[in-house]
Protein chains: 2
Amino acid sequence: MSYSIGQVADKLSISPYTLRYYDKEGLLPFVDRNQAGRRRFKDNDFNFLEVIVCLKEAGVPVKQIGNFIDLCMTGDTTLEDRYDFLNEHEAKLEAKMARLQHTLDFLRWKKWYYKTALQAGTERIHYLPGTNQVDPAVHAEFNQLVADGADPKDLGNLPEGTAKA
Amino acid sequence: MSYSIGQVADKLSISPYTLRYYDKEGLLPFVDRNQAGRRRFKDNDFNFLEVIVCLKEAGVPVKQIGNFIDLCMTGDTTLEDRYDFLNEHEAKLEAKMARLQHTLDFLRWKKWYYKTALQAGTERIHYLPGTNQVDPAVHAEFNQLVADGADPKDLGNLPEGTAKA
DNA sequence: ATAGAATCTAGAGCTAACTCTAGGTCAAGC
DNA sequence: GCTTGACCTAGAGTTAGCTCTAGATTCTAT
């Protein structure tokens, strides 16, 4: 079986423009052409495409993905380099996910902050008396709820039946 | 206490250029100026900055962060909008983290693929006999190892003492 | 008092990753 | 046979998010 650029684009949910751009950047040296010069993707090419899509999602720049594909085309002498490359990006992705988890935690605390303000009808309940400054104790209060076993994912949710004015 | 743009930049580990750019984009309407027109950040401003940094990390575009800050400056009438905004971006971030988890899983399987190839000295061990195409059973084999209780985070790691030729 | 560092604004410049246009080729259906 | 639509290349255009430059203050430390 072989596939046109349009078919591949549909399967991967990316545009043919993008695929041609990737080709221009050296990401698709494995793709064959027919007599008319049109790209014909083979079944095995999807193994490469899968890797490209994965690395993209992991946030690896196109140029570096190109370097990796180059290694792949070179053969067994580059196996260690390829391993190291994936190892490095695994570590980076783990670090990124840890950061995103902190970000998510923060978002959830702020959601709780607004849930409680909303229920009180005013943000002033979180301010230090007589000021417009947020009372640091409010964040501590939220942390205490979490420490006491509440699920931070639920704490910021509005109770059922809250009217959407 | 008040802080100069340079001090804030240091604290947040971003450049003063970037802070001015954010200001230009409407993200910092709360920042005061001294007689000479220089920005003076207050302690309470860090609550906003924290939110801005968080939303940036969550992947929210600068313009949308600006919209959120506008809501904040408007007062209690926007509490629900602000809650909805955070709620929406919490959901998006959760979805993104799920995608990244799949990406990480894939990266780990490929690491194992190269670990085993490296140990065999050639990638051919993963090809269908007599071809240059990857045997789909190889991925299935990895999945089986995981199903049997192996930690995918460890499976791809090279054993200790592997020489770094 | 003055040199050097930090700040200001306006606006130009940069990079990554597309995204599209123009002008042409090719294959399939009427 | 001819039209329609997918494909081709080269190269221009776009967007986001900075990043820097120039020229003019202003602050800090000797």
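Quick caveat, the model's predicted, so the values are computed rather than measured.
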Proximity to the side chain of [X] - top-ranked nucleotide from [options]:
X       : options                : value
B:Arg38 : C:dC20, D:dT21, D:dT25 : D:dT25
B:Asn34 : D:dT19, D:dC27, C:dT9  : D:dC27
B:Ser4  : D:dG17, D:dC27, C:dT7  : C:dT7
B:Tyr17 : C:dC20, D:dC7, D:dT21  : D:dT21
A:Arg39 : C:dA27, D:dC18, D:dC8  : D:dC8
A:Lys63 : C:dC26, C:dA17, C:dA16 : C:dA16
A:Val62 : D:dT26, C:dA17, C:dT7  : C:dA17
A:Thr18 : D:dC18, C:dT19, C:dA17 : C:dT19

What is the distance, to the nearest angstrom, from the [atom1] atom on [X] to the [atom2] atom on [N]?
X       : N      : atom1 : atom2 : result
A:Asp23 : C:dA17 : CG    : P     : 16 Å
A:Leu12 : C:dC18 : CG    : P     : 13 Å
B:Tyr21 : C:dC8  : OH    : P     : 18 Å
B:Ile14 : D:dC18 : CD1   : C1'   : 11 Å
A:Arg20 : C:dG24 : CZ    : C1'   : 13 Å
A:Ile5  : C:dT19 : CD1   : P     : 14 Å
A:Ile52 : C:dC18 : CD1   : P     : 12 Å
A:Gln35 : D:dC7  : CD    : C1'   : 13 Å

With a 4.0 Å cutoff (strictly under), does any side-chain N or O of [X] reach OP1 or OP2 of [N]?
X       : N      : answer
A:Lys56 : C:dC18 : yes
B:Tyr22 : D:dC18 : yes
B:Arg33 : C:dT9  : yes
B:Ser15 : D:dC18 : no

Handout entry: Plane angle bin for B:His139 and B:Trp109 - parallel if under 30°, tilted between 30 and 60°, otherwise perpendicular
Key =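 The arrangement is parallel - the two ring planes meet at less than 30°.
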Practice task
Indicate the ring-plane relationship of B:Tyr114 and A:Phe68, choosing parallel, tilted or perpendicular according to the 30° and 60° boundaries.
Solution key: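 Judged by the thresholds at 30° and 60°, the geometry between B:Tyr114 and A:Phe68 is perpendicular.
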Handout entry: Residue whose nearest DNA chain C nucleotide is more 5′ - B:Gln7 or B:Lys24
Key =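 Going by which nucleotide is closer to the 5' end, it is B:Gln7.
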Problem - Residue from B:Arg108, B:Lys111, B:Lys115 passing side chain to side chain donor-acceptor pair (under 3.5 Å) with B:Asn157 - result: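 Exactly one candidate clears the test, B:Lys111.
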Handout entry: Ring centroid separation A:Phe106 to A:His102 under 6.0 Å
Key = no
Exercise for the section: Give a yes or no answer on whether the side chain of B:Asn44 reaches the backbone of A:Val134 with a donor-acceptor pair at less than 3.5 Å. Expected result: yes
Handout entry: Option among B:Thr18, B:Ile5, B:Leu28 that satisfies the side chain to side chain contact (heavy atoms under 4.5 Å, CB included) test with B:Asp23
Key =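 Only one option passes, and that is B:Leu28.
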